[in-house]
Amino acid sequence: MGLYVDKVFLATNSLDVERGLTTPNIYEAQTKQNMVKAGREVIVLADHSKFGRISLGFVCPISAIHRLIPDPGAPQEDLARLKERGVEVIVAARD
C-alpha cells in the first residue's frame, strides 16, 4: 500500500470486546484496515452508543488498538475488559 503514519485516529460504528471494530460499509472497512496496518499507533474514538455492537464489515481486532478514547457514558465493564487486553483507555472529559 505504501502508507506509513505515526498515529491513526479512527472513529467506529461498532465496538465489541470479542469481535473488535466493525462498520456497516465494507468499502470503509477496507480503508480503515489499510490505515490500521499503516499506523504505528492506533487510537479509536467511540461514544457509548458504539459499544456492544457488531456490523457487517470487519475493521480490526481489539489487539490492534493501542488507545481508546470513549465518552463518560461508555460501559465500565467493557472498559475494564479492554484495559485487561492492553488497551489504554482515556475517558473524554465533559465540559
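All residue numbers in this chain count up from 1 along the given sequence. Here the structure is a predicted model, which is why all the values come from computation and not from measurement. When reading the values below, keep in mind they use all heavy atoms of this one structure, side chains included, and skip hydrogens, waters and symmetry mates.
In this structure, Ile54 shares a hydrophobic cluster with no other residue, the cluster being traced through Ile, Leu, Val, Met, Phe, Trp and Tyr side chains under 4.5 angstrom apart.
With hydrophobic clusters built from ILVMFWY side chains whose heavy atoms lie under 4.5 angstrom apart, Val44 shares a cluster with Val91. One hydrophobic cluster, built from ILVMFWY side chains closer than 4.5 Å, cannot hold both Leu56 and Leu21; they sit in different ones. In the hydrophobic clustering of ILVMFWY residues, with side-chain heavy atoms under 4.5 Å counting as a link, Leu3 and Phe9 come out apart. Placement of Ile43 and Ile62 in two distinct hydrophobic clusters is found when ILVMFWY residues are connected by side-chain heavy-atom separations under 4.5 Å, directly or transitively. The hydrophobic cluster containing Val89 also contains Val8, counting ILVMFWY residues as joined when their side-chain heavy atoms lie under 4.5 angstrom apart, directly or transitively.
At a threshold of 4.5 Å between non-hydrogen side-chain atoms, the residues Asp6 and Glu41 do not count as touching.
Listed here is the closest heavy atom pair of Val36 and Ala64: CG1-CB, 4.0 Å.
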Could you list the donor-acceptor pairs under 3.5 angstrom formed between side-chain atoms of residues 72-86 and any protein atom two or more places apart in sequence or on another chain?
residue, atom, partner, partner atom, Å
Arg81, NH2, Glu18, OE2, 2.6
Arg85, NH1, Val17, O, 3.4
Arg85, NH2, Glu18, OE2, 2.7

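Between the side chain of Gln30 and the backbone N or O of Val59 there is no donor-acceptor pair closer than 3.5 Å. Side chain of Lys32 to main chain of Ala11: a donor-acceptor pair is present (N/O by atom type, distance under 3.5 Å, no hydrogens or angles). For Asp16 (side chain) and Gly52 (main-chain N/O), no donor-acceptor pair under 3.5 Å exists by modelled atom type.
With rounding to the nearest 0.5 Å, the separation of CD in Gln33 from CZ in Phe58 is 7.0 Å. The distance from the CZ atom of Arg67 to the NZ atom of Lys7 is 5.5 Å, given to the nearest 0.5 Å.
Checked options Asn13, Thr12, Leu10; the residue passing with Thr23 is Asn13 (criterion: side-chain contact (heavy atoms from CB on, under 4.5 Å)).
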In sequence, state the C-alpha distance, the side-chain angles, and the governing distance for Leu68 and Ile90, and then conclude on side-chain contact (heavy atoms from CB on, under 4.5 Å).
-> CA-CA 6 Å; Leu68 172 71; Ile90 303 171; over 6 Å; no
Step by step, would you call Arg40 with Val5 a side-chain contact (heavy atoms from CB on, under 4.5 Å)?
-> CA-CA 6 Å; Arg40 288 192 329 173; Val5 296; over 6 Å; no
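Sequence neighbours left out, the pairs with a member in residues 50-66 that pass side-chain hydrogen bond (donor to acceptor under 3.5 Å, both in side chains) are Ser14-Ser55.
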